[in-house]
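What follows is a set of notes on a single structure, which appears directly below.
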Amino acid sequence: MTAPVDLLAPALSDAIARALGPEFAGADPVLRPSQYADVQANAALALAKRVGASPRDVATRIVAELGDLPVSIDVSGPGFLNLTFDDAWIESLLADLAADERLGVPTQEAQVVPIDYSAPNVAKEMHVGHLRTTVVGDALARVLEHLGHRVVRQNHIGDWGTPFGMLIEHLLDVGEGSEQALLLESDPNAFYQAARAQFDGDEDFATRARARVVSLQAGDEDTLRLWSELVELSRRYFNRIYATLGVTLTDGDLAGESTYNDDLAGICDELEAAGLATMSDGALCVFLDGYTGREGKPQPLIIRKSDGGYGYATTDLATIRHRVERLGADRCLYVIGVPQALHLEMVWETARLAGWLPDHVEVVHVRIGNVLGEDRKILRTRSGAPLRLMALLEEAMANARREVDRTRPELPEEVRASIAPQVGIGAVKYADLSVAHDSEYVFDLDRMLAYTGNTGPYLQYATTRIRSIFRSAGVDPRFEAPISLGAPAERALALRLLAFGSVVAEVGDDLAPHRLCTYLFELAQEFSTFYEQCPVLKADTVEQRGSRLSLSAVTLAVLVQGLDLLGIEAPERM
RNA sequence: GCCCCCGUAGCUCAGCUGGAUAGAGCGUCCGACUUCUAAUCGGAUGGCCGCAGGUUCGAGUCCUGCCGGGGGCGCCA
């Protein structure tokens, strides 16, 4: 922990206890960002009533008990403590940071954390909603792993259910290995819609499809072979998208609905035996207290349909049981769309009652908000069809390429060609990550790709400017030299750098990647100010040049590490 | 009908466990390149934080009600 605030908090707590009495031991010093100082402590205002003295008085007493700290303190307003750090202290902390491979990021006590994210459907196009859970889930996986946890990626793909009767029959009709079949790898919706059209328009086909569902569930060998063919083709499509996006998911992380088939009957039996599930209109249901649906009727969680089939409620119960009992989860993350909130709540409540989800296991729904179009409705193409994700990514990369061609024509063709995907994909991912994951946002490719503002390209650009300094100097960007702070821009940059570790820890605790984005953006801005105001290569003295090079080196390291935790690449040049 | 989420500057969004005069980006308007990438930087402009009550020394933040928008609610996932 290198953040000054984290180092000061215990000292302030102790001072509070000494000043106000042992009953105040462990009191929160209420440290908050301040516009008047480096940080302010608001404890006196919060505690004044309990103490029975004026806040100002309490503040003065706390200050009197503070020992020798590397900060200057004054009591301000009604009783705020304004703390300003000594430059020498910041300099020494920064030296520690520069020497620290982890850049101040703590290693936490390891937890097992299964993360459910991405979860596309077989024979379906991934849409921007899948993009967002994929990108956010992957960033959380990277952050938690970096903090020392054992992350278990769980890609809960939709690879089972009634549509497969239709899909298998259509695969047979167009022919395995046919061009039509290969659409599953390139344009899966075209395949799906063709199957759908047959199903809706051709009664014979529909009959065959229904029969096929039955034989699939019965485990018919030939049917299963065709089914795995469909899954295999879709898997290639997913992997193409993941590779383009630079997402860490692999085939080993696949844990689709079908993997739980053997658990479903047992889950129903157990719930029924425990008296939690009852028959209603031919379906096996769990009715939970406090859940009412339309017209005040009890809201069921249907775990077995009246036709004997299982829905996603049962599968989701299987996932939680599996993750707790088999994977040994301490904390389970479900990075899933916000409309699923009620469903997940009911599944977890049921799992708790069944004893599959003990109190010490934390389950979190990382709610992914809808991505909207300009009209503020869920994003579609102009024709009303869902957007093709690959087309979108290609457009982003093409636009990035145009920008690079325009602004850096002097760079060799192959360099420009490699920059474009880094910038284009980085822009799209950053856009998903930089807004709170549970809020909706309006999709705007031009804004994402802008080089100004809180965007991926702006951050990437900051890293290339730093690299450019080192290139000009002919110095390795891992440069280290004593840092001394003179200019305000240097000091502001230093303080921001010191906060990196606690920001990453906070992102892991609160599952909020957008805060890392905000941090990195502010860091990049502060670096740009420094860049304008503090010449590095033409510094006044050798010492100053060394100090500024060192400051630049740490900034680069933090930016690159931060972007990496978000799953975003940092080009060498732009 | 019930439940959940949202309403902050012209636009897109922050505002973490309540703390001093509510922030950023974009846009608009001024400035700044013989200087390490001006793809940048500096400055200005711009808000009864949906409305009304309440709790508190203090409310964008907590509570209640209302208005407006979105979503969910028995056999698709």
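Order of the sequence lines fixes the chain letters, A, B, ..., with proteins taken first and strands second; residue numbering starts at 1 for each chain.
- The closest side-chain donor-acceptor pair between A/E125 and A/Y192, if any, does not fall under 3.5 angstrom.
- Neither OP1 nor OP2 of B/C5 sits under 4.0 Å from any side-chain N or O of A/R367.
- When distances run from any side-chain atom of A/R376 to the nucleotides B/G1, B/U12, B/U21, the shortest one goes to B/U12.
- Taking CD1 from A/I16 and CD1 from A/I62, the interatomic distance works out to 4.5 Å, rounded to the nearest 0.5 Å.
- For A/R515, the listed nucleotide lying nearest its side chain is B/C16; candidates were B/C75, B/A38, B/C16.
- Residues A/R408 and A/E410 are paired through a salt bridge, judged by an N-O separation under 4.0 Å between the basic side chain and the carboxylate.
- For the P atom pair drawn from B/U61 and B/C16, the interatomic distance equals 11 Å after rounding to whole Å.
- Regarding contacts with the backbone of B/C13, every side-chain N or O of A/R447 stays at 4.0 angstrom or more from both OP1 and OP2.
- Nucleotides B/G25 and B/U45 place their C1' atoms 15 Å apart, quoted to the nearest Å.
- A donor and an acceptor atom never sit less than 3.5 Å apart when one is taken from the side chain of A/S434 and the other from the base of B/A14.
- Considering only the side chain of A/T529, B/G42 comes nearest among B/G42, B/G70, B/C73.
- For A/Y461, counting side-chain heavy atoms from C-beta on, the closest listed nucleotide (B/G25, B/G42, B/A39) is B/A39.
- OP1 or OP2 of B/A14 lies within a sub-4.0 Å distance of a side-chain N or O belonging to A/S439.
- OP1 or OP2 of B/G15 lies within a sub-4.0 Å distance of a side-chain N or O belonging to A/H514.
- Nucleotides B/U12 and B/G54 have their P atoms positioned 33 Å apart, rounded to a whole Å.
- For A/L342, taking side-chain heavy atoms from C-beta onward, the closest of the listed nucleotides B/A38, B/C13, B/C73 is B/C73.
- An OP1 or OP2 oxygen of B/C41 is reached within less than 4.0 angstrom by no side-chain nitrogen or oxygen of A/Q525.
- Separating the P atom of B/C76 from that of B/A9 is a span of 43 Å, rounded to the nearest Å.
- Atom CG of A/L559 sits about 9.0 Å away from atom CZ of A/F500, to the nearest 0.5 Å.
- Ion pairing between A/D476 and A/R478 holds under the 4.0 Å rule for side-chain N and carboxylate O.
- Side-chain contact check for A/H322 and A/D263: no donor-acceptor pair (N or O, by modelled atom type) lies under 3.5 Å.
- In this model, no side-chain donor or acceptor of A/S528 finds a partner on the base of B/C41 within 3.5 Å.
- Proximity of A/R467 to the phosphate of B/U37: no side-chain N or O atom is located under 4.0 Å from OP1 or OP2.
- Here A/F80 lies parallel enough and close enough to stack on the base of B/A20, with planes under 30° and ring centres under 5.5 Å apart.
- Straight-line distance between the C1' atoms of B/C75 and B/U17: roughly 43 Å, to the nearest whole Å.
- A donor and an acceptor atom, one from each side chain of A/D200 and A/Q198, are nowhere located under 3.5 Å apart.
- Nucleotides B/G18 and B/C13 place their C1' atoms 22 Å apart, quoted to the nearest Å.
- An OP1 or OP2 oxygen of B/G25 is reached within less than 4.0 angstrom by no side-chain nitrogen or oxygen of A/T452.
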- prompt: Please walk me through it: do A/Y451 and A/M574 pass side-chain contact (heavy atoms from CB on, under 4.5 Å)?
  reply: CA-CA 11 Å; A/Y451 289 74; A/M574 283 172 72; 3.4 Å; yes
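- For the C1' atoms, the distance from B/G31 to B/C36 is 23 Å, rounded to whole Å.
- Dashed line: the shortest gap from a side-chain N or O of A/Y531 to OP1 or OP2 of B/G42 is not under 4.0 Å.
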message: Just to be sure I follow the notation: if a pair is Watson-Crick (purine N1 to pyrimidine N3 plus N6-O4 or O6-N4) or a G-U wobble (N1-O2 and O6-N3), each under 3.5 Å, what dot-bracket string does RNA chain B give, with | for pairs to another strand?
response: (((((((..((((.....[...))))((((((.......))))))....(((((..]....))))))))))))....
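- For A/Q35 against B/A20, a side-chain-to-base donor-acceptor contact under 3.5 Å is absent.
- Checked against the 6.0 Å centroid criterion, the rings of A/F530 and A/F527 qualify as a close aromatic pair.
- Only the C1' atoms considered, B/A59 is 15 Å distant from B/U64, to the nearest whole Å.
- The glycosidic torsion of B/C26 lies more than 90° away from 0, placing the base in the anti range.
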